Peer 1: 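I have a structure here, written as structure tokens, and I will follow up with some questions on it.
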Amino acid sequence: MMMDPTTESNQPNTTQNYSPLLVFNTLDHHPTLAPFGPGYQKIKSFLTDSPSSIQWIRGPEGIGKTTLIKTILNELHSGESKQAGILRVSCSPRLRLEESLTIISEFLCQLGIHDYDRILQQRNTLRAKIQILIGLLEQLPITIWFDDFQNLVGTSHRCSKSAIEILSECCSSFDSQKGRILITTNSQGPDGIGVEAFKAQCLELSPGDISSEAELWEHFQSECEGVENFEFPNLNDIPIELRSNAFALNLIAKNAIYSPDNTSFRSRTLEGISRELRSRLSDAGRYLLDILAIHGTAMTRGALRGFAKALDQPEIIEAGLEELRKWNVVTHEKASDPRLQLDPALQRGADKDLQRENPDLWSKLHETIAHHHLETAKRSRSIWKLYQSFEHYFVGGHHQDAYEVQKTFLETLLGQGFLEISKSVLERCIEAVKSPYREIVAGNLAIVYKNEGNHDEAIRIYKESLVAFAKRGDAANTARVYHQIGNTYYLQGKNEKALTNYQSCLEIAENLDDKNIAMMARVQVANIQFALKDFEAAFEVYGEALNAARTSSNKLMVTALSLQLGQIHLNRKEFSQADEVLLEAETTAREEEDLRHLMKIQQVQGVVATRMHKDAEALNKFQEAKDLARQLGDLTEEANCEIHLGAMQEKRHKYKESLVYLFSARATVEKLQKVQEMTGESSNVAEVIDSINTRIEKLKETTGEETFNKILASIAGEE
């Protein structure tokens with residue numbers, strides 16, 4: 001039976017019998033040149049019987065990869081399928097990798113798996129989000145299909161590492177007997193990243209030998225109106241670029257590029273054919289073509305009508321649509337409420353031609369589409385509609401509008417840990433807008449650099465902004481920049497420099513009577529005092545700030561400050577007070593679904609429960625924190641919780657359980673070590689592994705070698 005999409009679960013159920021769910025529809029009247037004979041069987045075997053978890057199908061543009069694969073998958077759907085669900089992510093131009101994760105999350109929710117949706121809302125890095133997705137695919141019989149993968153946007157301007165590189169690194173170790181990743185491309189993937197980076201099995205498609213040219217031309221001519229006595233060219237007289245492209249052959253068959261001399265086809269190009277078709281269209285057809293081309297992704301007729309009305313051209317829709325359908329250059333995926341889309345080659349060519357021929361109209365269309373996305377976002381509350389609005393405003397040269405739109409979604413992107421795309425947005429804005437906006441953008445860009453660990457670059461940008469704000473006499477923003485510089489030095493462990501900047505911030509804030517900024521500065525000073533173990537000095541400030549946060553209903557601050565106060569009470573051995581304030585922190589963290597803070601709170605609660613000799617409660621808290629760490633993809637905290645659990649079980653003289661946790665902690669840290677080696681990160685992982693090994697050796701001394709070996713044998717037998 002179909003899984004109830006409203007069912008909530010804490011962990012994905014890997015034993016449930018799912019019913020197949022295919023979230024895509026068949027294409028109507030869309031030909032394929034990919035061979036349905038031996039090639040079809042080869043692809044079917046490749047998709048169904050290959051042991052590889054990641055499969056990459058590569059072939060020329062327009063050969064019909066999508067149609068052929070859909071045909072096979074629909075056949076599998078109608079029969080016995082081993083997959084619970086198959087999602088096609090259509091990678092249209094401007095689709096970001098980050099947005100594709102949201103599409104995948106919505107698909108998982110349809111299968112009743114809601115955990116990933118919550119993960120996307122958390123302040124996790126993109127790497128962690130992808131790794132968590134890979135972990136789900138390893139447990140569940142699900143296929144994620146990135147179609148036209150080469151279009152997926154992953155590069156951020158001047159970024160040290162693109163989102164696609166992060167994806168390839170995470171996928172390179174993906175090895176699952178259940179879930180699969182399917183990729184289809186023309187040649188390489190985005191950013192020039194190909195099969196090798198993903199360690200995928202690859203299948204190359206080519207037109208091959210077409211058994212009946214007459215049947216082929218009859219297929220393309222069947223929907224052609226008014227074409228008679230046309231002598232079809234020999235396929236060998238057509239360049240391979242056109243011969244392997246269904247769109248090009250469709251236009252040849254419809255006499256769109258008729259020439260009495262068939263040999264002239266040898267000099268034709270796909271771009272030339274697209275341009276010639278556009279020149280033959282009426283004004284209505286060309287205008288509609290331009291709207292679809294600049295929009296870039298599939299559109300409903302309702303959206304088209306909205307654009308036409310906004311452009312004072314309501315009459316173009318029916319006439320233009322009829323003409324485009326005559327040439328069979330628009331496809332749609334659903335008979336009811338069709339979403340219309342151009343052939344990719346035609347879309348690219350029309351966009352370039354309009355920009356060259358009529359740049360004012362090209363810019364106006366981008367502006368209209370951006371406004372439409374903005375209005376849609378107000379109704380749907382979609383962060384990605386806001387992002388698309390920014391994209392069209394910016395590409396169309398409306399930079400100030402783009403700047404205003406990015407303010408509506410940037411904080412959310414940063415709050416969800418999407419640093420790569422945030423940096424891309426800000427780096428473009430900083431080059432396009434003028435003062436005073438430029439300094440504000442620069443400050444936000446510095447926050448991104450700080451959050452990703454590039455502290456020196458963050459401080460450099462902050463200091464440039466500091467000079468600009470000081471020159472203009474902008475005291476409020478000057479105070480904020482001092483505060484951010486202090487935060488950055490604090491993260492570097494340079495406490496004296498951090499204190500100097502916090503004091504500068506505090507002095508300006510008090511002169512402005514800005515209580516909010518002043519309190520933030522005092523809290524940061526208290527954080528340094530906490531780090532230096534001057535708990536008494538920090539305690540008073542935390543208490544004052546907590547009362548202010550309660551009054552203003554700032555639940556995030558209530559959570560953070562209660563956690564800090566709880567740790568101070570723990571240090572003072574005031575366990576009852578620690579338990580009480582940590583309960584408040586836990587309550588607000590749950591209300592806000594702040595999983596990262598909740599994970600840290602539960603670890604401290606576990607320590608408090610241990611000190612109060614509430615062993616069962618301590619075990620429960622450490623286990624809950626461990627589960628959250630795994631859900632968040634935080635290997636460091638997961639291992640830390642496992643070490644705590646091992647110590648608790650040893651305390652209870654449950655040595656086998658203790659060893660299981662310690663072995664698991666070591667395996668988790670070793671996995672973290674491999675990730676860091678792959679990404680070039682440095683850490684103290686080796687020291688942690690040595691510490692765990694020392695604990696295991698001490699446990700061996702405690703139990704004695706003979707008993708220890710029996711425990712090992714018992715664990716091995718269960719595995």
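Computed from a predicted structure; not experimentally measured.
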Peer 1: In sequence, state the C-alpha distance, the side-chain angles, and the governing distance for N186 and K65, and then conclude on side-chain contact (heavy atoms from CB on, under 4.5 Å).
Peer 2: CA-CA 9 Å; N186 298 340; K65 299 181 293 295; 3.4 Å; yes
Peer 1: Below 4.0 angstrom, N of the basic side chain to O of the carboxylate: do R278 and D290 qualify?
Peer 2: yes
Peer 1: Give a yes or no answer on whether the side chain of S168 reaches the backbone of E165 with a donor-acceptor pair at less than 3.5 Å.
Peer 2: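 Between the backbone of E165 and the side chain of S168 there is a qualifying donor-acceptor contact (under 3.5 Å).
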Peer 1: If you measure from CG on D343 to OG on S274, what distance do you get to the nearest 0.5 Å?
Peer 2: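 Nearest 0.5 Å value for the CG-OG distance: 7.0 Å.
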Peer 1: Between I104, L97, D147, L101, which is the residue that forms a side chain to side chain contact (heavy atoms under 4.5 Å, CB included) with V89?
Peer 2: I104
Peer 1: Please report the C-alpha distance between Q150 and T185 in whole Å, then the side-chain angles of each, then the deciding distance to 0.1 Å, and finally whether the side chain to side chain donor-acceptor pair (under 3.5 Å) criterion is met.
Peer 2: CA-CA 6 Å; Q150 72 278 355; T185 60; 4.9 Å; no
Peer 1: For A402, is there any backbone N or O sitting under 3.5 Å from a side-chain donor or acceptor partner on H392?
Peer 2: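 Looks like no, no N/O pair under 3.5 Å.
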Peer 1: Please determine whether salt bridge (charged side-chain N to carboxylate O under 4.0 Å, His left out) holds for the pair R275 and E271, giving the CA-CA distance in whole Å, both sets of side-chain angles, and the decisive distance to 0.1 Å.
Peer 2: CA-CA 6 Å; R275 183 170 292 117; E271 184 176 333; 3.1 Å; yes
Peer 1: Any chance you could lay out the salt bridge (charged side-chain N to carboxylate O under 4.0 Å, His left out) test for E391 and R428, step after step, and finish with the verdict?
Peer 2: CA-CA 10 Å; E391 277 287 315; R428 282 185 287 171; 2.6 Å; yes
Peer 1: Under 4.0 Å between a side-chain nitrogen and a carboxylate oxygen: does that hold for D351 and R348?
Peer 2: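 The answer is no: the pair does not qualify as a salt bridge.
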Peer 1: Please walk me through it: do Q406 and F394 pass side-chain contact (heavy atoms from CB on, under 4.5 Å)?
Peer 2: CA-CA 10 Å; Q406 63 87 27; F394 195 89; over 6 Å; no
Peer 1: From D360 CG over to L354 CG, what is the distance, rounded to the nearest 0.5 angstrom?
Peer 2: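 Output value for this atom pair is 10.0 Å.
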Peer 1: Would you give the length of the straight line joining atom OG of S53 to atom CZ of F198, rounded to the nearest 0.5 angstrom?
Peer 2: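 Those atoms lie 14.0 Å apart.
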Peer 1: Please check if atom CZ in R356 has more than 12 non-hydrogen atoms from other residues, nucleotides or ligands closer than 6.0 Å.
Peer 2: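 Yes, the 6.0 Å shell around CZ holds more than 12 heavy atoms from other groups.
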Peer 1: Between atom OG of S100 and atom CD1 of I130, what is the distance when rounded to the nearest 0.5 Å?
Peer 2: 8.0 Å
Peer 1: Less than 4.0 Å between a side-chain N and a carboxylate O, is that true for K352 and E357?
Peer 2: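 No.
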Peer 1: For H371 and S389, run side chain to side chain donor-acceptor pair (under 3.5 Å): C-alpha distance rounded to whole Å, both residues' side-chain angles, the deciding distance at 0.1 Å, then the answer.
Peer 2: CA-CA 7 Å; H371 181 71; S389 177; over 6 Å; no
Peer 1: With the threshold set at 4.0 Å, does a side-chain nitrogen-carboxylate oxygen contact exist between E322 and R325?
Peer 2: no
Peer 1: With no hydrogens and no angle check, do the side chains of S282 and E323 hold a donor and an acceptor under 3.5 Å apart?
Peer 2: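 Yes, because at least one side-chain N or O of S282 sits under 3.5 Å from a partner of the opposite role on E323.
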Peer 1: Supply the atom-to-atom distance L288 CG to D283 CG, rounded to the nearest 0.5 angstrom.
Peer 2: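 Reported value, rounded in 0.5 Å steps: 12.5 Å.
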Peer 1: I183 and I57: side-chain contact (heavy atoms from CB on, under 4.5 Å), yes or no, with the steps?
Peer 2: CA-CA 6 Å; I183 294 172; I57 297 178; over 6 Å; no
Peer 1: Look at R301 together with E318 and state whether they make a salt bridge at an N to O cut-off of under 4.0 Å.
Peer 2: yes
Peer 1: Quick check on side chain to side chain contact (heavy atoms under 4.5 Å, CB included): which of V425, L410, T412 does Y387 satisfy it with?
Peer 2: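 So, applying the side chain to side chain contact (heavy atoms under 4.5 Å, CB included) to Y387 and each of V425, L410, T412, only V425 qualifies.
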Peer 1: For the residue pair F409 and F418, is the inter-centroid distance of their aromatic rings smaller than 6.0 Å?
Peer 2: no
Peer 1: Would you mind reporting whether I144 and F146 have side-chain heavy atoms less than 4.5 Å apart?
Peer 2: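 SC-SC contact between F146 and I144 confirmed.
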Peer 1: Would you say the rings of Y393 and H366 are close, in the sense that their centroids are separated by under 6.0 Å?
Peer 2: no
Peer 1: Run the numbers on L340 and L321 for side-chain contact (heavy atoms from CB on, under 4.5 Å), then give the verdict.
Peer 2: CA-CA 10 Å; L340 306 166; L321 193 53; 3.5 Å; yes
Peer 1: So how far is it from L324 CG to L342 CG, rounded to the nearest 0.5 Å?
Peer 2: 7.0 Å
